[in-house]
Amino acid sequence: MSKKEELIQKWDVFLAKIEERFNDLLAEANENWPLVIEQLEYDSSVISNAWNGISNQVDSLQNKIDDTWDEKMDPLFGMMDEVSGAERMEQLYKGKDLDNKMSGILTEQRIKISADAGRKIYANVIAHIDLNKIHACKQCSAPLPIQIYSFVAKNIKCDACGTVNSYEPDSRIRSLEYYAMNQLAEELVISEIVREEEIGYEMWKLDARIASEKIIVDELSKELVIVRKKRINTYYNYLIENIADKATIYENQKNERLKWAEKV
Amino acid sequence: MFGKKRKIKKEEALNKLKNDETQRLQIEQHIAEFHVQLSSLQKKGLHNKDEWQSVLSNYKVTALTALELETIEKSGVPLTKSAYPVEFNRALTSFIQIAAQETEALLLELKNSESVAMLHHFKDELSSIKQVTLLSYIEQAKPKMNVSAIFQNAAPSLNQYSKYATTDKVESIKCKTCGAARLETDQYDVCFYCGTPLFE
């Protein structure tokens, strides 16, 4: 085996070990998530905190790839006359490919776990809240036409006496927006989110100054706009439908984001 | 006559060159030895408890007292199997002080300006070397976080917000003077009946 082959093998073994560590980490975490989700009541702060810990571990694996390349492998490949520039880039991309693969899996995992937590919280809220509860007017005690499943405070005029009553919804319902709805909306667009990350990475690898690569960059840019728009539409339409009280706000946000989506 | 003088000058120049070279080598050796000892200090702190005790006595550093250890353990900082960074810092400070004194002594011996400048530079660098070494030690001494520790750390935040959940409620604004109800949703000024401000 030549020195070059030996070095490539060393790099491959190192990357395989990083990937193995990454898979072990996620597998171990996956044993814990259902146990934590099972204990959730109305908020998922614990999920975010544990996720940050897992994500930091993955970050350090990704940093290890970069550091090992910069400090050890790249100088060694650089010193070998028989290693061409293209071959050196090929080796660099092996590390970057793994880094990108890990990021994609991590994103997918985060969205799925958050959505599972969201479903659990939603079920808890619905189980513990009386959606048929009747509130009486503070002035004349006539029943008020109040929608219990509400996300914003409202002023409601009593049909009987005309008094304005202010309704403050249950905080557990209001917080569903942050602990469940956003997560469930995001779950619907997992494939688009992952694809956007992939396109970003593919574009990073290409050099738009080279004509043949520019063609691919242009195609990817077009695809990126389509994927982004699909993600934005699906995500916001879910929120508009499920948080009707805030439909106008989400409609505006959607339109702004769609305008942004055009800019690549 | 002139030939002899020239020969003497040549010999002097040669000797000077030799001296300069010797001084340069002496300094390089001094710096290299410093780094070897520094690395050994770090390794002993990280991996060798028995040798660490002898390091402490060599550098005349007091080991952490039982009370200090207890305070660290209770503070919730990640526990490490290596020497505690605070103890390592004490030994490192002593090590750097000794290195500074030795460098100072070497400076008094040397005359070559280039060598002196090199040594001055090394002496000036000592405090930043100390800082970098301590940071690297802390990083290496940190116990490796495993998945179960991550979940354990996150556990106290379980259902924290849920404790503060509040049920829904209805309220109405009434005039403080006459008790008349607020009759329009955009009525933010005065009571329709008696004219008293509603929101003061």
Side-chain angles (χ1 to χ4, degrees), chain A residues 24-33 35-36 39-54 56-57 60 121 124-125 128-130 133 135-140 144 146 148 150 154-158 161-175 178-179, chain B residues 39 76-80 132 135-136 138-194 196-199:
Chain A
D24 289 349
L25 186 75
L26 289 199
E28 209 181 328
N30 282 342
E31 286 172 16
N32 285 276
W33 292 121
L35 305 173
V36 180
Q39 296 176 68
L40 294 179
E41 286 180 354
Y42 312 117
D43 75 277
S44 56
S45 316
V46 66
I47 300 284
S48 312
N49 292 340
W51 184 262
N52 284 341
I54 300 294
N56 285 341
Q57 295 284 299
S60 68
I121 292 169
N124 284 347
V125 171
H128 287 90
I129 284 172
D130 179 6
K133 185 175 172 184
H135 286 279
C137 171
K138 287 287 174 187
Q139 186 74 2
C140 72
L144 290 168
I146 286 175
I148 302 293
S150 296
K154 284 172 197 159
N155 283 326
I156 296 152
K157 211 165 153 59
C158 172
C161 69
T163 295
V164 174
N165 289 267
S166 301
Y167 178 64
E168 175 63 39
D170 192 299
S171 69
R172 290 169 292 188
I173 294 180
R174 291 188 80 160
S175 59
Y178 307 104
Y179 292 125
Chain B
S39 159
V77 295
L79 294 177
T80 164
V132 169
L135 283 175
S136 131
I138 292 169
E139 198 50 45
Q140 291 178 72
K142 243 190 253 172
K144 298 281 172 278
M145 186 73 98
N146 57 33
V147 172
S148 61
I150 289 172
F151 281 90
Q152 267 172 28
N153 286 344
S157 59
L158 179 70
N159 300 324
Q160 276 300 308
Y161 167 80
S162 305
K163 289 178 194 163
Y164 306 105
T166 51
T167 52
D168 59 348
K169 59 181 180 195
V170 169
E171 280 172 340
S172 71
I173 302 290
K174 287 176 191 160
C175 174
K176 284 179 215 122
T177 307
C178 70
R182 181 182 173 212
L183 295 174
E184 294 300 335
T185 52
D186 59 355
Q187 186 186 349
Y188 289 104
D189 48 7
V190 294
C191 167
F192 285 152
Y193 190 72
C194 72
T196 304
L198 279 175
F199 291 92

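Lettering follows sequence order; numbering is per chain, from 1. Computed from a predicted model, the values in this text were never measured in an experiment.
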A.B. asks: Within a strict 4.5 Å, meaning less than it, do heavy atoms of the B:Y164 and A:Y42 side chains meet?
C.D. replies: no
A.B. asks: Return the minimal non-hydrogen interatomic distance between A:V36 and A:V46, and the atom names on each side.
C.D. replies: CG1-CG1, 3.7 Å
A.B. asks: Below 4.5 Å from any heavy atom of chain B, which atoms of A:Q57 appear? Answer side chain, backbone, both or neither.
C.D. replies: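 Side chain only.
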A.B. asks: Can you tell me which of A:C161, A:C137, A:G53 forms the most heavy-atom pairs within a distance under 4.5 Å of chain B?
C.D. replies: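 Most heavy-atom pairs under 4.5 Å with chain B: A:G53.
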A.B. asks: Quick one: of B:A155, B:S157, B:A149, B:A154, who has the most non-hydrogen atom pairs under 4.5 Å with chain A?
C.D. replies: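 Winner by heavy-atom pair count: B:S157.
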A.B. asks: Taking the inter-plane angle between the rings of B:Y188 and B:F199 on a 0 to 90° scale, is it parallel (under 30°), tilted (30 to 60°) or perpendicular (over 60°)?
C.D. replies: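 Plane angle between 30° and 60°, so tilted.
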A.B. asks: Among A:I54, A:I148, A:L25, A:N56, which has the most heavy-atom pairs under 4.5 Å with chain B?
C.D. replies: A:I54
A.B. asks: What part of B:Q187 gets within 4.5 angstrom of chain A, counting heavy atoms only: side chain, backbone, both, or neither?
C.D. replies: neither
A.B. asks: For chain B, which of A:N124, A:L40, A:I156 has the most heavy-atom pairs under 4.5 Å?
C.D. replies: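 Counting heavy-atom pairs under 4.5 Å, the top option is A:L40.
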A.B. asks: I want to check something: taking the side chain as every heavy atom from C-beta on, are B:C191 and B:T177 in contact at a cut-off of under 4.5 Å?
C.D. replies: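 Result no, sub-4.5 Å side-chain heavy-atom pair not found.
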A.B. asks: Pick whichever of B:S172, B:A165, B:S162 has the most heavy-atom pairs under 4.5 Å with chain A.
C.D. replies: B:S162
A.B. asks: Calculate, to the nearest 0.5 Å, the distance between atoms CD and CD1 belonging to A:Q139 and B:I173 respectively.
C.D. replies: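 The distance works out to 12.0 Å.
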A.B. asks: Looking only at side chains, do A:H135 and A:N165 share a donor and an acceptor under 3.5 Å apart?
C.D. replies: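 No, because no side-chain N or O of A:H135 sits under 3.5 Å from a partner of the opposite role on A:N165.
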A.B. asks: Quick one: what part of B:N159 sits under 4.5 Å from any heavy atom of chain A, side chain, backbone, both or neither?
C.D. replies: both
A.B. asks: Decide yes or no for A:E31 and B:V147: does some side-chain heavy atom of the first lie under 4.5 Å from some side-chain heavy atom of the second?
C.D. replies: no
A.B. asks: Could you look at A:I47 and say if it's the side chain, the backbone, both or neither that has a heavy atom under 4.5 Å from chain B?
C.D. replies: neither
A.B. asks: Based on non-hydrogen pairs under 4.5 Å, which of B:Q152, B:E184, B:E171 is most in contact with chain A?
C.D. replies: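 Most pairs with chain A among the choices: B:E171.
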A.B. asks: Of the backbone (N, CA, C, O) and the side chain (C-beta and beyond), which part of B:K174 lies under 4.5 Å from a heavy atom of chain A, both, or neither?
C.D. replies: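 Just its side chain gets close to chain A.
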A.B. asks: Just so I understand: if I count every heavy-atom pair under 4.5 Å between each of A:E28, A:R174, A:K133 and chain B, which residue has the most?
C.D. replies: A:E28
A.B. asks: Measure A:I173 against the heavy atoms of chain B and call it side chain, backbone, both or neither at under 4.5 Å.
C.D. replies: neither
A.B. asks: For the candidates B:P156, B:A180, B:S148, B:A181, which exhibits the highest count of non-hydrogen atom pairs separated by less than 4.5 Å from chain A?
C.D. replies: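 Heavy-atom pair counts peak at B:A181.
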A.B. asks: Applying side-chain hydrogen bond (donor to acceptor under 3.5 Å, both in side chains), run through A:S166 and A:N155 and close with a yes or a no.
C.D. replies: CA-CA 4 Å; A:S166 301; A:N155 283 326; 2.9 Å; yes
A.B. asks: Residues in side chain to side chain contact (heavy atoms under 4.5 Å, CB included) with B:T166, at least two apart?
C.D. replies: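 Side chain to side chain contact (heavy atoms under 4.5 Å, CB included) list for B:T166, sorted by chain: A:S171.
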A.B. asks: Checking A:I146 against chain B: side chain, backbone, both or neither under 4.5 Å from a heavy atom?
C.D. replies: side chain
A.B. asks: Select one option (side chain, backbone, both, neither) describing which atoms of B:Q160 are under 4.5 Å from chain A's heavy atoms.
C.D. replies: backbone
A.B. asks: Would you kindly check if the NZ (Lys) or CZ (Arg) of A:R172 is within the cone defined by 45 degrees around the ring axis of B:Y161 and under 6.0 Å from the six-membered ring centre?
C.D. replies: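 Verdict for B:Y161: no cation-pi partner in A:R172.
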